[in-house]
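The block underneath contains the structure these notes are about, expressed in structure tokens.
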Amino acid sequence: MTEREQLPGKYDFKAVEARWQHTWEREEVDRVTEDDSREKYYVLEMFPYPSGRIHMGHVRNYSIGDVVARYMRLRGFNVLHPMGWDAFGLPAENAAQKNNTHPARWTYDNIDYMRSQLKQLGLSYDWSRELATCDDTYYRWEQKLFIEMYREGLVYQRKTTVNWCETCQTVLANEQVIDGACWRCDEQVTPRNMNGWFFRITRYAEELLADLKSLEGWPEKVATMQSNWIGKSTGLSCDFKIENSEESISIFTTRPDTIYGVTFMSVAAEHPLIDELINGTETEQAVRAFIKTISEERLRQNIEEEQEKKGIFTGRYCINPFNAQRIPVYVANFVLAEYGTGAVMAVPAHDQRDFEFARKYLLPVLPVVLPEGMTLDPETMEEASTVYGTLVNSGQFDSMDSAEAQAAIIAHAEQHGFGSAHITYRLRDWGISRQRYWGAPIPMIHCRSCGVVPVPLDELPVKLPEDLNTRAGECAPLGKRAEFIRTTCPSCGEEAARETDTMDTFVESSWYFARFTCPDATDTPLNKEQSHYWLPVDQYIGGVEHAILHLLYSRFFVKALRDLGYLDIDEPFANLLTQGMVIKDGAKMSKSKGNVVDPDDLIRKYGADTVRLFSLFAAPPERDLEWNAQGVEGANRFLNKVYRLIVGFNGDTSSTAENGYDSEADRVLERKVHQTIKKVTHDIDSNFHFNTAISAVMELFNTIVSVSDPEKNSMAGTDTLNHAIRTILILLFPMVPHFCSEMWTIMNFTGRPEEQTWPSYNEEIAREELLTIVLQVNGKVRSRIQVEADSDEQTLETCALEDENVLRFINGKAVKKIIVIKKKLVNIVV
RNA sequence: GCGAGAGUGGCGGAAUUGGUAGACGCGCUGGUCUUAGGAACCAGUAUCUAUGAUGUGUGGGUUCGAGUCCCUCCUCUCGCACCA
């Protein structure tokens with residue numbers, strides 16, 4: 001009795017997976033160091049927030065990443081594949097209050113549990129590099145970078161309007177304001193002016209936009225979203241003098257060609273010149289009341305619906321510098337204070353918003369750009385004409401076309417000193433102040449005499465105070481902790497106050513990928529040699545929901561760190577894969593919908609390999625994955641089929657002369673082996689389409705089964721079968737590593753799968769000897785014939801014209817034309 | 001409204017450059033073996049008025065030939081959303 005016959009009839013994933021995980025961990029097989037003799041490959045999945053348990057989205061994300069990591073190792077690369085925890089954030093505070101515990105305790109407990117879950121999935125991380133962003137060995141370096149960015153002018157403080165909840169005594173994120181009220185206590189939220197810290201991301205607006213073009217390994221969609229988010233507009237900035245005042249209203253327009261069509265001016269309610277315009281005038285009262293109304297409306301505003309356009313005349317006029325026209329100035333609710341200059345020259349004939357406004361308040365509409373072959377009647381127009389055309393009513397610019405006129409008008413403004421060519425971005429500076437406890441403290445000190453002073457670098461980290469009165473259900477923000485606040489000014493030594501804001505958690509995730517190259521560096525945030533060797537990340541994988549914020553912030557950080565001398569790259573992520581969501585019953589898995597599937601249950605029932613295999617097989621990675629319990633069964637069934645084949649495979653006795661190596665079955669199988677290697681390699685290399693790669697391996701498996709059946713007359717020999725099984729195990733190893741390792745051992749192959757090199761294929765062997773040629777009559781398939789692969793066109797034509805099905809359909813009609821495509825088809829037109 | 005993407009069997013999904021539509025898997029049907037099968041194996045499985053015809057959201061076009069290219073419309077998803 002051989003050893004194999006003693007194996008259980010069903011694959012015992014539980015024992016096998018535990019054993020291999022233990023082996024890998026003991027031998028630290030996934031640990032890496034820099035090695036100049038080998039090409040590096042850095043694959044990274046977006047690190048999780050330690051919310052408690054991993055969900056199917058994580059399983060999918062990390063399964064994909066693990067296949068890439070293991071595949072690239074087999075391809076001979078020195079692969080960095082780290083994992084860590086995005087560990088600061090609001091949920092920890094909420095959970096702490098609810099469970100009467102400390103946010104740190106809650107977070108680290110979750111990390112421990114989730115780490116064990118990831119380990120159960122057999123993910124090949126270099127755990128020696130693990131980091132948690134809430135650890136002061138991480139955020140101390142962030143504080144250092146913050147101070148250095150401050151010194152470079154990349155960090156500043158300014159007043160900003162925030163959503164304030166009086167009951168909770170805190171600032172709320174926009175997402176936490178529901179219908180103008182606090183999400184927790186239902187108290188009406190009020191706008192409040194507070195000092196906040198900002199990253200000057202706008203300094204890099206142009207570079208962030210321009211470099212998108214260099215990101216060829218990014219999905220077009222993500223690049224477009226970022227491009228729209230940055231929102232570059234070019235045009236004219238121009239000053240309109242206020243009548244009876246020294247001040248001017250600056251405007252920005254992308255349509256300088258319409259400047260002669262200006263019939264009024266709209267300014268935002270928060271425009272800095274409001275006071276100048278209305279103080280002491282008859283209309284002051286009315287305008288102030290109007291401003292109050294619309295700012296209240298804005299708070300309550302439902303994002304979905306566009307507000308009706310409203311405005312009020314200030315009673316003042318300004319002067320169009322081009323034609324000296326008097327222009328009434330309105331305050332309007334649709335003008336955004338934050339974009340452009342907060343004032344808009346209104347051209348009702350050529351802008352839809354201005355048009356609606358003009359019709360409502362009976363303001364003149366003056367067409368100045370006529371679209372080709374059209375006239376515009378201001379009396380009867382029903383909407384603005386926004387297309388380019390030829391200028392009229394525009395003084396010296398008449399009869400120019402729009403493009404020409406724009407250039408000429410900008411030049412004219414520059415010549416006369418009241419305007420210039422200008423570029424505006426939609427992107428705004430990144431506000432990072434949070435009045436929360438569980439975040440990285442901003443390392444700044446406020447001194448009465450010296451102003452804002454950074455904490456000296458040798459005093460970092462500014463640690464979060466650990467003692468919390470959690471019993472009272474409080475994670476009081478730092479602003480409520482006198483003992484934390486009180487300090488001395490590093491500059492003058494007088495009593496001073498610490499900054500009490502903590503940083504947005506997006507700051508931590510903006511540079512963790514770089515810290516993974518040197519997580520233990522104790523004297524610097526980033527070690528130059530190590531980051532130089534590993535960066536950029538060659539393949540980044542995560543959800544598309546981070547397409548804008550996280551990915552944009554990370555790009556900004558890399559550019560800033562480059563300019564601080566830490567990094568020598570321009571972009572963090574060379575290639576980006578945005579994986580789709582895991583859905584069930586057509587909806588994203590969520591507790592409220594009750595359609596969540598717990599990875600723990602699945603692993604217990606089927607094992608990690610089955611779960612990995614299904615999540616890779618059911619859809620290509622960039623698409624949504626519909627979870628299907630029966631599909632999981634199918635993945636499990638496939639592994640068991642391979643298992644039974646291998647357990648039943650008896651290489652010693654079937655290797656007889658009758659099953660000679662050169663049989664037809666051998667050639668069929670060997671050909672399939674090479675075709676499969678080719679297909680799988682191509683599917684992974686081109687776009688990580690593991691679903692088709694797996695189906696190719698399944699086909700190979702089906703071929704093995706069909707040529708190892710003693711009932712059939714053609715049976716493949718042992719060597720060929722060995723080769724085929726060996727190939728399956730290597731090709732599948734990145735996806736189901738425990739299983740393949742175990743099967744490798746049972747097959748008595750030498751070494752381990754991870755020590756092999758990825759198999760190569762031979763085009764000659766992969767080529768089919770016989771091809772099926774389709775015979776069409778008038779473009780419809782009428783017959784199929786088998787021919788030698790290298791048959792020439794003449795032969796194909798002859799065969800086609802002899803085929804009886806074809807003859808039946810030609811039915812004596814005259815043949816007009818014959819199209820012959822080698823290796824594909826013959827089409828006879830009658 | 002603007003921008004991007006997608007519509008293929010009962011389901012998830014396959015189909016280099018226009019050239020066998022539906023690979024692979026799920027499900028289903030029938031069979032074999034079984035005390036049993038919700039195990040395993042074998043066969044079948046786009047639709048229909050079925051020697052043939054029709055089929056890739058709709059309607060048109062280009063072509064010997066269209067899931068693939070062009071135009072029209074419809075639906076869905078995602079992003080942005082009064083950006084001057």
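Keep in mind the model is a prediction, meaning the values are calculated, not measured.
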Show me, pair by pair, the donor-acceptor contacts under 3.5 angstrom made by side chains of residues 541-548 of chain A, not counting sequence neighbours?
none

### Query
When you compare rU17(B) with rG13(B), how far apart are their C1' atoms, in angstrom units rounded to a whole number?
23 Å

### Query
Using purine N1 to pyrimidine N3 plus N6-O4 or O6-N4 for Watson-Crick, or N1-O2 and O6-N3 for G-U wobble, each under 3.5 Å, what pairs with rG7(B)?
rC74(B)

### Query
Has Arg353(A) got its NZ or CZ under 6.0 Å from the middle of the six-membered ring of Phe334(A), at an angle within 45 degrees of the ring axis?
no

Can you give me the N/O atom pairs linking the protein to nucleotides 51-55 of chain B at distances under 3.5 Å, or say none if there are none?
residue: rG52(B); atom: OP1; partner: Arg808(A); partner atom: NH1; Å: 3.1
residue: rG52(B); atom: OP1; partner: Arg808(A); partner atom: NH2; Å: 3.2
residue: rA53(B); atom: OP1; partner: Arg782(A); partner atom: NH2; Å: 3.4
residue: rA53(B); atom: OP2; partner: Arg782(A); partner atom: NH1; Å: 3.0
residue: rU54(B); atom: OP2; partner: Lys780(A); partner atom: NZ; Å: 3.2

### Message
Could you measure the distance from the CZ atom of Phe13(A) to the OH atom of Tyr606(A)? Nearest 0.5 Å is fine.
### Response
9.5 Å

### Query
In B/S/- notation, 5' to 3', how is nucleotides 24-30 of chain B contacted by protein heavy atoms closer than 4.0 Å?
BSSS---

### Message
Tell me which pairs pass side chain to side chain donor-acceptor pair (under 3.5 Å) where either residue lies in residues 620-632 of chain A, with sequence neighbours left out.
### Response
Glu622(A)-His689(A)

### Message
Side chain of Lys221(A), heavy atoms from C-beta onward: which of rU17(B), rC82(B), rA4(B) has the nearest atom to it?
### Response
rA4(B)

### Query
Does a side-chain N or O from Arg623(A) land closer than 4.0 Å to OP1 or OP2 of rG7(B), or not?
no

### Message
Would you say that more than 12 heavy atoms from the other residues, nucleotides or ligands in this model lie under 6.0 Å from the NZ of Lys360(A), or not?
### Response
yes

### Message
Can you list everything that forms a ring pair (Phe, Tyr, Trp, His ring centres under 6.0 Å) with Tyr643(A)? Sequence neighbours excluded, please.
### Response
Tyr11(A)

### Task
Give one of base, sugar-phosphate or nothing for Asn691(A), where a contact means two heavy atoms less than 4.0 Å apart.
sugar-phosphate

### Task
Starting from C1' on rC83(B), measure out to NE2 on His422(A) and report it in whole angstrom.
13 Å

### Query
Quick one: which of rA84(B), rA14(B), rG19(B) gets closest to the side chain of Leu825(A)?
rG19(B)

### Query
If we take the P atom in both rG60(B) and rU68(B), what is their distance in whole Å?
15 Å

### Task
Could you give the distance separating rU47(B) and rG38(B) at their C1' atoms, to the nearest angstrom?
31 Å

### Task
Could you check Asp683(A) against Val774(A) and say which one's nearest nucleotide on RNA chain B is further toward the 5' end?
Asp683(A)

### Query
For Asn636(A) and rA39(B), what is the distance between atoms CG and C1' respectively, to the nearest whole Å?
12 Å

### Message
Closest approach to the side chain of Val781(A), judged atom by atom: which nucleotide of rA84(B), rA21(B), rG19(B) is it?
### Response
rA21(B)

### Query
Atom CD of Glu338(A) and atom P of rA84(B): how far apart are they, to the nearest Å?
14 Å

### Query
Taking only side-chain nitrogens and oxygens of Arg426(A), does any of them come within less than 4.0 Å of OP1 or OP2 of rA81(B)?
yes

### Task
Tell which nucleotide pairs with rU35(B), taking only Watson-Crick or G-U wobble pairs whose two distances are both under 3.5 angstrom.
none

#### Entry: Heavy atoms from other residues, nucleotides or ligands near CD of Glu788(A) exceed 12 (cutoff 6.0 Å)
no

Could you tabulate the donor-acceptor pairs under 3.5 Å formed by side-chain atoms of residues 264-274 of chain A, not counting sequence neighbours?
residue: Glu270(A); atom: OE2; partner: Arg298(A); partner atom: NH1; Å: 3.2
residue: His271(A); atom: ND1; partner: Leu273(A); partner atom: N; Å: 3.1

### Task
Would you mind pulling out the nucleotide paired to rU63(B), Watson-Crick or G-U wobble, both distances under 3.5 Å?
none

## Note on the structure
Rounded to whole Å, CZ of Phe264(A) lies from C1' of rA84(B) at a distance of 11 Å

### Task
Assign rG9(B) to syn or anti; the rule is syn for a glycosidic angle within 90° of 0 and anti otherwise.
syn

### Within 6.0 Å of NE2 in His682(A), more than 12 heavy atoms from elsewhere
no

### Message
Using OP1 and OP2 only, check whether a side-chain N or O of Asn778(A) sits under 4.0 Å from rG65(B).
### Response
no

### Task
May I ask you to verify whether the side chain of Lys309(A) and the base of rC82(B) hold a donor-acceptor pair under 3.5 Å?
yes

#### Entry: Any donor-acceptor pair under 3.5 Å from Asn636(A) side chain to Thr610(A) backbone
no

### Message
Rounding to an integer number of angstrom, what distance separates rG79(B) and rG27(B) when you compare their C1' atoms?
### Response
36 Å

### Message
Once you apply a heavy-atom cut-off of 4.0 Å, does Val335(A) come out as touching a base, just sugar-phosphate, or nothing?
### Response
base

### Query
Among rC64(B), rG12(B), rG3(B), which is the nearest nucleotide to the side chain of Ala618(A)?
rG12(B)

### Task
Please check the phosphate of rC64(B) (OP1 and OP2 only) for any side-chain N or O of Lys817(A) closer than 4.0 Å.
yes

### Query
Any side-chain N or O of Arg644(A) less than 4.0 Å from the OP1 or OP2 oxygen of rC41(B)?
yes

### Task
Would you kindly give the CG-to-P distance between Leu212(A) and rA4(B), to the nearest whole Å?
15 Å

### Task
Say whether, by atom type as modelled, one donor and one acceptor occur between the side chain of Ser394(A) and the main chain of Tyr260(A) under 3.5 angstrom.
no

### Query
Which nucleotide, rA14(B), rU20(B), rG65(B), lies nearest any side-chain atom of Asn827(A)?
rG65(B)

### Span that lies between the C1' atom of rG10(B) and that of rU45(B), in whole angstrom
11 Å

#### Entry: Whole angstrom value for the distance that separates C1' of rG5(B) from CG of Asp624(A)
12 Å

### Summary
Taking a pair to mean Watson-Crick or G-U wobble geometry with both distances below 3.5 Å, rC2(B) pairs with rG79(B)

## Note on the structure
Checking N1-N3 plus N6-O4 or O6-N4 for Watson-Crick, or N1-O2 and O6-N3 for wobble, each under 3.5 Å, the partner of rA84(B) is none

### Query
Considering Watson-Crick and G-U wobble pairs with both distances under 3.5 Å, what does rC48(B) pair with?
rG52(B)

### Summary
Per atom distances to the Asn228(A) side chain, the nearest of rG19(B), rG3(B), rA14(B) is rG3(B)

### Query
Nearest-Å distance, NZ (Lys360(A)) to C1' (rC82(B))?
14 Å

### Query
In terms of ring plane angle, is the pair Tyr330(A) and Tyr361(A) parallel, tilted or perpendicular, where the classes change at 30° and 60°?
tilted

#### Entry: NZ/NE/NH1/NH2 to OD/OE distance under 4.0 Å, Lys605(A) and Asp601(A)
no

### Query
Considering only the C1' atoms, how many Å lie between rG30(B) and rU16(B), rounded to the nearest integer?
39 Å

#### Entry: C1'-based separation of rU8(B) from rA66(B) [nearest Å]
14 Å

#### Entry: Spacing of the P atoms in rG65(B) and rG61(B) (rounded, Å)
12 Å

### Task
Using atom NE2 of His689(A) as one end and atom C1' of rG12(B) as the other, report the distance to the nearest whole Å.
14 Å

### Message
Whether Ser233(A) contacts rA84(B) is assessed here as follows: a side-chain N or O lying under 4.0 Å from the phosphate OP1 or OP2. Is that the case?
### Response
yes

